[in-house]
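In what follows, every chain begins at residue 1, and chains take the letters A, B, ... in the order their sequences are listed.
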There are 2 protein chains.
Amino acid sequence: MYSFTEENYLKAIYKLSYEQKQSETSTNAIAEELDTRAASVTDMLKKLAEKQLVNYEKYKGVSLSDEGKSVALQVVRKHRLWEVFLHDKLDFGWEEVHEIAEQLEHIQSDRLINRLDDYLGNPKHDPHGDPIPDKSGALFIENYLPLNKVASGQACILTGVSDHSTSFLKSVEKWGLGIGTCLTPGDKNEYDGTLEVELPNGEKIVIGQKSAAHILVKI
Amino acid sequence: MYSFTEENYLKAIYKLSYEQKQSETSTNAIAEELDTRAASVTDMLKKLAEKQLVNYEKYKGVSLSDEGKSVALQVVRKHRLWEVFLHDKLDFGWEEVHEIAEQLEHIQSDRLINRLDDYLGNPKHDPHGDPIPDKSGALFIENYLPLNKVASGQACILTGVSDHSTSFLKSVEKWGLGIGTCLTPGDKNEYDGTLEVELPNGEKIVIGQKSAAHILVKI
DNA sequence: AAATATTTTTAGATAAGTCTAAAAATAATA
DNA sequence: TATTATTTTTAGACTTATCTAAAAATATTT
Ligand SMILES: [Mn+2]
Ligand SMILES: [Mn+2]
Ligand SMILES: [Mn+2]
Ligand SMILES: [Mn+2]
């Protein structure tokens, strides 16, 4: 239906709008997200507007139309379900699944993705804790809290990460943390920003401010 | 490494060479196999020759180089392993798997395909009975016999099909046949070419000459 | 061998997606 | 407000893959 490239643009616009918490996003932001040039983005935005997938006015930013958002959510659904498959069935680490899912998310077959969903047991989250849209594109959004906002002594559960880079995911794993781990933040070093965190086994680890901001938890 | 399109051309040349039992194949045959025009094929053959993937001389046909054959076999491996996944794990019928595998065969990740292979239990054949090349591209070719060449009364086992069209596969299924079914050909009607075949439960079915030629068996 | 038919290749165009460099619009600063 | 900086768009070119129509080469008939 829509090309590989069109799907990637729609997904990028969706992601940026979501992260920036506003429906409009900019040409430059899209270019950076897709590792391409602003001129290429402008060209594509014109095509997407032509096809009514985005609302676009020159110099005034762009937002997804209903149809565009629906396509983007289907791509996100496919991406996250394939990540679950790679992680749960093929034993790939959570730092490895994203790259392969970037390719698999473009396979066109509703029947395939719905059967995969069933085969995986209709998971609600991907290996990074991100929610998986259902068949109709509905997404249940939970407001998770970054660990650095949690009060000292307040026990909480790791539910996701907001940085998917390999280096960050590997260090989270090295600390012995993963989705579902119970954490209790302790003392914060006001000088260098590091945070002490207690694990269920009583062990205490120290993590930097930046890491604490990308570890999402629920209380 | 190689584009979607390049992979499809290499696979087509491999398939035609294999079917025609000679390494050389023609521009027109490739055009028909890929549902494109002869002029497009000529253009692509020049590019593939440039990249040393095929041996090509104007007006003299084309054959795969060692590297080209290796790429083609990897694509075939991926195609057939994905067909097994779709059939065995996601319960797709053998008439449905090919179309989806045409997309999945282009996913680039050696680690993925090798893990998938292990996950599926290193199958030797796809749902149509076709052999699956191993990691190194080695293919164990068995000489199966079309059912119409089997002597009357000689029991044999269905091991594959040489036509993958939906209509044929559906009719084979309707007769209650599948990979592994034991068959005993009986009387052949010399007038209309139909063949009587006995099944393990004693039931007798009648199939046409064309179908009998596309049902492969071993004795 | 000459005429005809078929196959294959070339020539020139088109579409999708990308790029650089320059121009235009908008935003920030003095 | 005028100047400067940043962002965005246009203009024109390039790549990959495709097409039609015409020319060239090869194969088949008479
Ligand atoms: Mn991902
Ligand atoms: Mn994810
Ligand atoms: Mn197939
Ligand atoms: Mn097959």
Side-chain angles (χ1 to χ4, degrees), chain A residues 1-13 16-17 19-20 22-64 68 71-72 75 102-103 105-108, chain B residues 1-13 16-17 19-20 22-64 68 71-72 75 102-103 105-108:
Chain A
M1 191 69 174
Y2 297 109
S3 76
F4 194 100
T5 313
E6 287 170 330
E7 287 191 341
N8 279 338
Y9 272 92
L10 294 171
K11 187 172 64 130
I13 297 167
L16 293 167
S17 308
E19 283 173 358
Q20 299 164 177
Q22 53 178 20
S23 65
E24 299 274 315
T25 192
S26 75
T27 302
N28 260 359
I30 298 168
E32 186 160 353
E33 172 69 25
L34 293 177
D35 197 25
T36 185
R37 302 294 170 161
S40 310
V41 175
T42 301
D43 286 346
M44 181 56 75
L45 291 182
K46 283 193 236 168
K47 286 177 207 161
L48 294 176
E50 186 68 35
K51 295 186 180 181
Q52 317 240 31
L53 292 164
V54 298
N55 310 113
Y56 169 61
E57 255 188 291
K58 269 203 223 180
Y59 295 105
K60 292 197 174 169
V62 65
S63 64
L64 292 175
V71 173
V75 177
E102 284 292 298
Q103 296 180 63
E105 72 189 6
H106 301 291
I107 301 293
Q108 307 278 10
Chain B
M1 190 72 175
Y2 298 108
S3 76
F4 194 101
T5 313
E6 287 170 329
E7 287 192 341
N8 279 337
Y9 272 91
L10 294 171
K11 187 173 63 130
I13 297 168
L16 292 168
S17 307
E19 283 174 357
Q20 299 164 178
Q22 52 177 23
S23 65
E24 299 274 315
T25 192
S26 75
T27 301
N28 260 359
I30 297 168
E32 184 160 353
E33 172 69 25
L34 293 177
D35 197 25
T36 184
R37 301 295 169 160
S40 310
V41 175
T42 301
D43 285 346
M44 182 56 74
L45 291 182
K46 284 192 234 170
K47 287 177 207 158
L48 295 176
E50 187 67 36
K51 295 186 179 181
Q52 317 241 30
L53 292 164
V54 298
N55 310 113
Y56 170 62
E57 255 188 292
K58 269 204 223 175
Y59 293 106
K60 291 196 175 170
V62 65
S63 64
L64 292 175
V71 174
V75 178
E102 284 292 298
Q103 297 181 63
E105 72 187 7
H106 301 291
I107 302 293
Q108 305 279 10

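- Going from atom CG of A:Leu53 over to atom P of C:dA16 covers 14 Å, rounded to whole Å.
- Phosphate proximity of D:dT9 to A:Tyr56: present, with a side-chain N or O under 4.0 Å from OP1 or OP2.
- In this structure, the separation between CG on B:Asn8 and OG1 on B:Thr36 is 11.0 Å, given to the nearest 0.5 Å.
- When the C1' atoms of four end pairs are superposed on the next four at each end of the helix from C:dA1-D:dT30 to C:dA30-D:dT1, using five pairs per end, the two resulting axes differ in direction by 0°, to 10°.
- Using a 4.5 Å cut-off on side-chain heavy atoms (C-beta onward), B:Leu64 and B:Val71 make no contact.
- For A:Tyr56 against A:Ala49, the heavy-atom pair with the smallest separation is CB-CB, 4.0 Å.
- When each of A:Lys58 and A:Tyr9 is assigned the nucleotide of DNA chain C bearing its nearest heavy atom, the one mapping closer to the 5' terminus is A:Tyr9.
- Here B:Asn28 reaches the OP1 or OP2 of C:dT8: one of its side-chain N or O atoms lies under 4.0 Å away.
- To the nearest 0.5 Å, atom NZ of residue A:Lys46 and atom NZ of residue A:Lys58 are 7.5 Å apart.
- Atoms CD and OG1, from A:Glu32 and A:Thr27 in turn, are 13.0 Å apart once rounded to the nearest 0.5 Å.
- We find that CG of A:Leu34 is positioned 13 Å from C1' of C:dG17, with the value rounded to whole Å.
- A straight line from CD of B:Glu6 to C1' of D:dT18 spans 15 Å, rounded to a whole angstrom.
- Residues of residues 37-51 of chain A that place a heavy atom closer than 4.0 Å to DNA chain C, in numerical order, are A:Arg37, A:Ala39, A:Ser40, A:Asp43, A:Met44, A:Lys47.
- Side chain of B:Ser17 to main chain of B:Ser23: a donor-acceptor pair is present (N/O by atom type, distance under 3.5 Å, no hydrogens or angles).
- Counting non-hydrogen atoms under 4.0 angstrom, A:Phe4 reaches nothing in the nucleic acid.
- Between B:Leu45 and B:Val54 the shortest heavy-atom distance is O-CG2, 4.0 Å.
- In this structure, the side chain of B:Gln103 engages the main chain of A:Gln108 through a donor-acceptor pair within 3.5 Å.
- In this structure, A:Asp35 atom CG and C:dG17 atom P are separated by 17 Å, rounded to whole Å.
- Between D:dT16 and B:Ser3, no contact under 4.0 Å exists linking OP1 or OP2 to a side-chain N or O.
- A salt bridge is defined here as a Lys NZ or Arg NE, NH1 or NH2 lying under 4.0 Å from an Asp or Glu carboxylate O, and A:Lys11 with A:Glu33 fails to meet this definition.
- Phosphate proximity of C:dG17 to A:Thr36: absent, as no side-chain N or O sits under 4.0 Å from OP1 or OP2.
- Separating the NZ atom of A:Lys60 from the P atom of D:dT9 is a distance of 12 Å, rounded to the nearest angstrom.
- Between the C1' atom of C:dA15 and the OH atom of A:Tyr2 lies a distance of 18 Å, rounded to the nearest Å.
- Distance A:Met1 CE to C:dA16 P: 15 Å, rounded to the nearest Å.
- At the phosphate of C:dT10, neither OP1 nor OP2 sits under 4.0 Å from any side-chain N or O atom of B:Tyr59.
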Verdict with reasoning, B:Leu34 to B:Tyr9, per side chain to side chain contact (heavy atoms under 4.5 Å, CB included): CA-CA 8 Å; B:Leu34 293 177; B:Tyr9 272 91; 3.5 Å; yes

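- Among the nucleotides D:dT18, C:dT8, C:dT18, the one closest to the side chain of A:Thr5 is C:dT18.
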